[in-house]
Amino acid sequence: MAASSDRNPPPFPATEEPGAGLSDMADGDSDEGEDIFVSNSDPVAVSRGVSQPDRASEEAPDLFGEEEASSTLAKSNGVHSDDDNDLFAEANVEPSPDKPGSSDRKELPTSSGPRPASSFTKGPAAMQPTSLEQLEEDEAKDSFDVDVAVTNPEKVGDGMNAYVAYKVSTRTSLPMFRSKAFTARRRYSDFLGLYEKLSVKQSLLGCIIPPPPEKSVVGMTKVKVGMDDPSSVEFVERRRAALERYLQRIVAHPLLLQDPDVREFLEREDLPRAVNTQALSGAGFLKMINKASDAVNKMTIKMNESDTWFEDKFQEVENEEQQLRKLHAVVDSLVNHRKELCGNTAVFAKSMAMLGNSEDNTALSRALSQLAEVEDKMEQLHQEQAASDFFIFEEMLADYIRLLGAMRGCFDQRMRAWQRWQEAQSTLQKKREAEAKLLWANKPDKLQQAKEDITEWESRVTQYERDFDRIGMTVRKEVLRFEKEKAKDFKSQIIKYLEAMLQSQQRLIKFWEAFLPEAKAIA
Amino acid sequence: VWCMMGYVCLCTDATLQVDISDALSERDKVKFTVHTKSTLPNFKQNEFSVVRQHEEFIWLHDSFVENEDYAGYIIPPAPPRPDFDASREKLQKLGEGEGSMTKEEFTKMKQELEAEYLAIFKKTVAMHEVFLCRVAAHPVLRKDLNFHVFLEYNQDLSVRGKNKKEKLEDFFKNVVKSADGVLVAGVKDVDDFFEHEKTFLLEYHNRVKDASAKSDRMIRSHKNAADDINRIASSLYSLGTQDSTDVCKYEHTHKIEARVAADEDLKLADLLKYYLRESQAAKDLLYRRSRSLVDYENANKALDKARAKNRDVLQAETSQQLCCHKFEKISESAKQELIDFKTRRVAAFRKNLVELAELELKHAKVKGLVTVRSR
């Protein structure tokens, strides 16, 4: 989930079996992951000091030509993991001018790069623009050695039955998977289906199941009609990114990763069509959560919370969700204002150009035209900034609002478990009373049944109590894990955002520095 | 402020220096303290101050416009009316909404709005000052009696705003002017200089108007975005998920962004607005010249007719000579005025564009530094 944003993708080591089509990924999303996991003991990929076994120079990658070859050769000599780490760790920390903000702009900014030794950083970026999700995965997967990417959205079919298929690529070193790298084509309803299956099973245990992005009738209809207009493109990209984050969160979760459904989703060639995903539209999802809360609220027996931790946490979660919603609204407003600013700047630039044309002092006329060009470039910057705001900030907030909802669901599950236990206890009590009555009424034939009932319910009570305790523990663990991930995530996103801003400031400086002499030349 | 006129500083002229030394914003009006330093014998003292309101500036301006003797000069454009309505409304809304936001948010927003109010205030003072200085710098207008009264008379000038009748008259005057404007635009001038100026000014004025409107809109969007960033920063603060350093940096970049928007405003938008008014004044000059040309031509025709009929010839001759004289006088001073206008304009644009570029660079560098330090 979280990743240090300023790590640069290291060069590619030899690619072993890249699964079908992974190496030909146009946007290179999972290429970055490739290097981590194909030779999974490569310290370069993950500057965490994992010691590196011998890497023969023949593994020098061919993918990026000479630059890469020379630099990997350089590092594959003398297998000193520390040195290697230092070399690249240092390079990693520098601002990466090659990363586009967070939008999919493939443009390489011209700002000053990092030190020359990290020439390789330019390589991969030049070939395949990195997606920020990719870098997030890099960090997240270190402990689990699974890396997923969702790429290549393609429209399949025509008309109202059309849908978008995504390529889901996995790279892993875990033995439980059939191979080390593989892909599958999945559509949105498949993702929803996975969520439904997981919810049914895992939520009973108190896990926080990351929710997928919501359905959107409007968005999808536009896509079905045609995928070419910018809003459709944006919608598909949003969804692709959200689906990717969704999968990444799932595989980052130690318990969920073990789930056979997850494995099947990633591995299986053809997945049976998921039905009953209507319930899982955005509204449906919320309804599900709220139904659970309602059930809890209707409980007549007030839970005696021996441990106020849960109560406090729940309150915290609710508050936080509220705040995030507010924040999300403001970020949305910002994105819109920036888009507006874009438009207005472009219009203004044209107007200044016209003014420059009619100005009869030549030097001033030229300066005004230059100004118009600068303003045009500013518009571009604003556009990128808007995309950055959106993809880095707004989407993250939306994710966390959904996740907090899921977390609330966990708490409610725990309450349900408690309820079950209590109900079992009261049933047991009734059975005992029934037995006592039978004893007194002296009906030995029914007594046997009663005794059996009691035994059964006694074991149920024990079972449910154990379940309740276990859920409690799981929820606690989940919450702590979630909070850690969230802090990491937020921090890395802010850093990413500031990086993007730094880049645009640097470009802005260039524009105005070029303009200044023109202004001074007016006479 | 000076940069709009293209003068470096008028204070070099010791014979007459005018500035607005103080200003007070009251409920619905602004009181400007006009301060004069002069060695001219016309004034009773060498240094004195009076308090003037916006309407009195307008009165002075209109008196110039209506004075036939000044027909050949570009009349410095009147300062715009002080407009705090929008700002006041925002402050009021803030006050009403005080209960719905945290104390921090409230104080922050209040500071922002107060800064905005102050900026508008400063600008209106500057606009009024520029007007006076332009008059004081003009070789002929500075000698105007009304101007001296304006500067010296320490009582209220009792200039009421125009009543309905007068406003209606103004309206019709403008209508006639624009009809004439069409006429003027159609007739080709014999003099190349003026023909060129006419074509140039008509187009330039329209384009400045367009650029001014568009720059306003752009700056408003920029300000809206900056406001949003401010709210985001304070929300992040209260969320407490970040360590405060990150948020501080974030907020810092916001303040810079707001300041950039404000500076763009000052430099570019004000410049364009000012030259919108100046180019209008220049157009008015051309119009007056054209009118006098028309009068001259009509007087010629009348003279021919009179000669033909041999009636009232002397009268027609005098009239024609007057018109001729007037036209020539206007043309001569107009030429100089238009040349000066060009010089002023080029200098003003240069100064402002250089300052704008330098400010943008300064802010971008600071913003960049701030961003770097936060990582």
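Each chain gets a letter, A, B and so on, in the order the sequences are listed, and its residues count up from 1.
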To the nearest 0.5 Å, how far apart are CD in A:Gln505 and NZ in B:Lys365?
12.0 Å
Need one label for A:Glu518: side chain, backbone, both or neither, based on atoms under 4.5 Å from any heavy atom in chain B.
neither
In the structure I gave you, are the side-chain heavy atoms of B:Lys362 and A:Ile509 within less than 4.5 Å of one another anywhere?
no
B:Glu203: what forms a side chain to side chain donor-acceptor pair (under 3.5 Å) with it, not counting sequence neighbours?
B:Arg207
Those residues that, when tested against B:Asp228, pass side chain to side chain donor-acceptor pair (under 3.5 Å) (two or more places apart):
A:Ser333, A:His337, B:Arg231
Could you look at A:Leu355 and say if it's the side chain, the backbone, both or neither that has a heavy atom under 4.5 Å from chain B?
both
Measuring only between side-chain heavy atoms, which start at C-beta, is A:Leu364 closer than 4.5 Å to B:Arg350?
no
Rounded to the nearest 0.5 Å, what's the gap from CG on B:Asn224 to CG on A:Asn336? Could you check?
11.0 Å
Which atom pair, heavy atoms only, marks the closest approach of B:Ala357 to A:Trp512?
CA-CE3, 3.6 Å
Could A:Glu359 and B:Arg345 be called an ion pair, given the rule that one side-chain N must be under 4.0 Å from one carboxylate O?
yes
Closest non-hydrogen atoms of B:Glu358 and A:Leu516, given as atom of the first, atom of the second and distance, are CG-CD1, 4.0 Å
Yes or no on side-chain contact (heavy atoms from CB on, under 4.5 Å) for A:Glu513 and B:Glu360, after CA distance, side-chain angles and deciding distance?
CA-CA 9 Å; A:Glu513 276 178 348; B:Glu360 290 268 359; over 6 Å; no
Could you check whether atom NZ of A:Lys377 has more than 12 heavy atoms from other residues, nucleotides or ligands sitting under 6.0 Å from it?
yes
Distance, nearest 0.5 Å, that separates CE of B:Met218 from OG of A:Ser351:
10.5 Å
Return the CG to CE distance between B:Asp210 and A:Met352, rounded to the nearest 0.5 Å.
11.0 Å
Can you tell me which portion of B:Tyr204 sits under 4.5 Å from chain A's heavy atoms? Options are side chain, backbone, both or neither.
both
Counting only heavy atoms from other residues, nucleotides and ligands, does the tally under 6.0 Å from NZ of B:Lys342 exceed 12?
yes
